[in-house]
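Please read the structure below before turning to the comments.
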Amino acid sequence: MKSEPGEFSIDDLQQCAHQTEPWDGVRNYQARNMMRDKMKMGDLVFFYHSNCDKPGIVGIARIVKEGYPDDTALDPNHHHFDPRSDPVRPRWFMVDVQFVRKFTRTIALTELKECPSLENLALTRRGNRLSVMPVSEAQWNFILSLE
DNA sequence: GCCAACGTTGGC
DNA sequence: GCCAACGTTGGC
């Protein structure tokens, strides 16, 4: 899961109440479908810092609440308001993520791109802009071994 | 359904 | 700040 550290970093997640936050504001259907349908209680995710000095994977979080409606889409005063969503048929969903741990170092995007065994990783594929994307078990284990 | 225009993402 | 790559919008 990607986040701009200037908006919400892994340190922010570690420091907030219960070290848990709703992953709100995702307004992309593919990413929404993953949060709504695929992510299950207890699943682990990599926390990725995007749009910053050193883009890369910075740690691990855990899904502690499965997909539910993103209420920021229903709040006219909210930055992420979407008038096409409504309470009866919510358009956007989110999950709650809990801090697990921060890596001892950032595993940089440049480094991930150099790994032949990660050539099929969604993150390193050309032009990818998804904010939530899948990681296979083999990819997960390999990335962990890089730390 | 096509596709041009536009907005966003995000690495660099 | 630049710009490639993509998603969305909306006219037709």
Side-chain angles (χ1 to χ4, degrees), chain A residues 1-16 19-39 43-63 65-136 138-147:
Chain A
M1 304 181 85
K2 289 185 191 171
S3 184
E4 302 189 13
E7 295 294 321
F8 187 74
S9 71
I10 193 162
D11 297 320
D12 294 328
L13 181 62
Q14 183 172 13
Q15 287 158 21
C16 66
Q19 300 187 317
T20 300
E21 277 284 313
W23 201 268
D24 62 22
V26 172
R27 298 291 180 268
N28 170 282
Y29 290 104
Q30 267 184 275
R32 176 206 66 183
N33 292 347
M34 276 184 275
M35 292 200 298
R36 188 188 59 187
D37 308 329
K38 301 289 188 197
M39 301 175 89
D43 283 354
L44 297 177
V45 299
F46 286 131
F47 198 116
Y48 178 88
H49 280 176
S50 68
N51 213 358
C52 58
D53 284 349
K54 190 175 180 182
I57 300 172
V58 292
I60 296 175
R62 177 193 297 117
I63 305 305
K65 183 172 180 179
E66 293 179 8
Y68 64 106
D70 180 345
D71 52 13
T72 65
L74 304 172
D75 176 1
N77 297 316
H78 197 282
H79 175 59
H80 292 303
F81 176 62
D82 182 351
R84 298 166 303 175
S85 192
D86 82 78
V88 178
R89 275 187 61 84
R91 178 176 298 241
W92 303 114
F93 286 74
M94 58 188 176
V95 295
D96 284 0
V97 302
Q98 181 176 48
F99 178 81
V100 173
R101 71 184 181 92
K102 185 178 175 178
F103 288 162
T104 54
R105 67 185 192 89
T106 297
I107 302 174
L109 177 63
T110 52
E111 185 178 348
L112 298 171
K113 283 179 173 174
E114 288 170 2
C115 297
S117 51
L118 295 178
E119 64 181 356
N120 291 321
L121 186 68
L123 179 69
T124 51
R125 307 210 72 159
R126 191 172 66 100
N128 195 340
R129 291 166 38 199
L130 272 182
S131 60
V132 180
M133 60 186 82
V135 180
S136 75
Q139 290 164 342
W140 177 273
N141 290 329
F142 180 82
I143 290 168
L144 278 185
S145 78
L146 295 175
E147 184 191 5

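Note on naming: letters A, B, ... go to the chains in the order of the sequence lines (proteins, then strands), and numbering restarts at 1 for each one.
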What pairs of nitrogen or oxygen atoms, one from the protein and one from nucleotides 1-8 of chain B, lie under 3.5 Å apart?
unit_1: B/dT8; atom_1: O2; unit_2: A/Arg129; atom_2: NH2; d: 3.0

message: With heavy-atom distances below 4.5 Å as the criterion, would you say the side chains of A/Leu130 and A/Met34 are in contact?
response: yes
message: Do A/Phe47 and A/Val100 make a side-chain contact, defined as non-hydrogen atoms from C-beta onward lying under 4.5 Å apart?
response: no
- prompt: Taking C-beta and beyond as the side chain, do A/Ile143 and A/Leu121 meet within less than 4.5 Å on heavy atoms?
  reply: yes
message: Is the phosphate of B/dG11 approached by A/Tyr48 (side-chain N or O, under 4.0 Å from OP1 or OP2)?
response: yes
message: Tell me whether the side-chain N/O atoms of A/Lys2 come closer than 4.0 Å to OP1 or OP2 in B/dG10.
response: yes
message: Can you work out whether A/Gln30 or A/Asn51 has the more 5'-proximal nearest nucleotide on DNA chain C?
response: A/Asn51
- prompt: Looking at side-chain heavy atoms only, is the closest gap between A/Arg27 and A/Thr72 below 4.5 Å?
  reply: yes
task: Decide yes or no for A/Asp70 and A/Trp23: does some side-chain heavy atom of the first lie under 4.5 Å from some side-chain heavy atom of the second?
output: no
message: What verdict does the side chain to side chain contact (heavy atoms under 4.5 Å, CB included) test give for A/Met35 and A/Ile63, after you've listed the backbone C-alpha separation in whole Å, the side-chain angles of each residue and the deciding distance to 0.1 Å?
response: CA-CA 10 Å; A/Met35 292 200 298; A/Ile63 305 305; over 6 Å; no
field: Nucleotide B/dG10, atom C1' - distance to CD1 of A/Ile57 in whole Å
entry: 16 Å
task: Using the side chain to side chain contact (heavy atoms under 4.5 Å, CB included) rule, pick out the option among A/Leu44, A/Val45, A/Val97, A/Ile10 that qualifies with A/Ile60.
output: A/Leu44
task: Please work out which residues in residues 106-121 of chain A have a non-hydrogen atom less than 4.0 Å from an atom of DNA chain B and list them by number.
output: A/Leu109, A/Thr110, A/Lys113
message: If you take the centroid of each ring, where Trp contributes its six-membered ring, are A/Tyr29 and A/Trp92 closer together than 6.0 Å?
response: yes
- prompt: Checking all strands, does A/Arg125 fall into the base, sugar-phosphate, or nothing category for heavy-atom contacts under 4.0 angstrom?
  reply: nothing
message: How many whole angstroms separate atom CD of A/Glu4 from atom C1' of B/dG10?
response: 8 Å
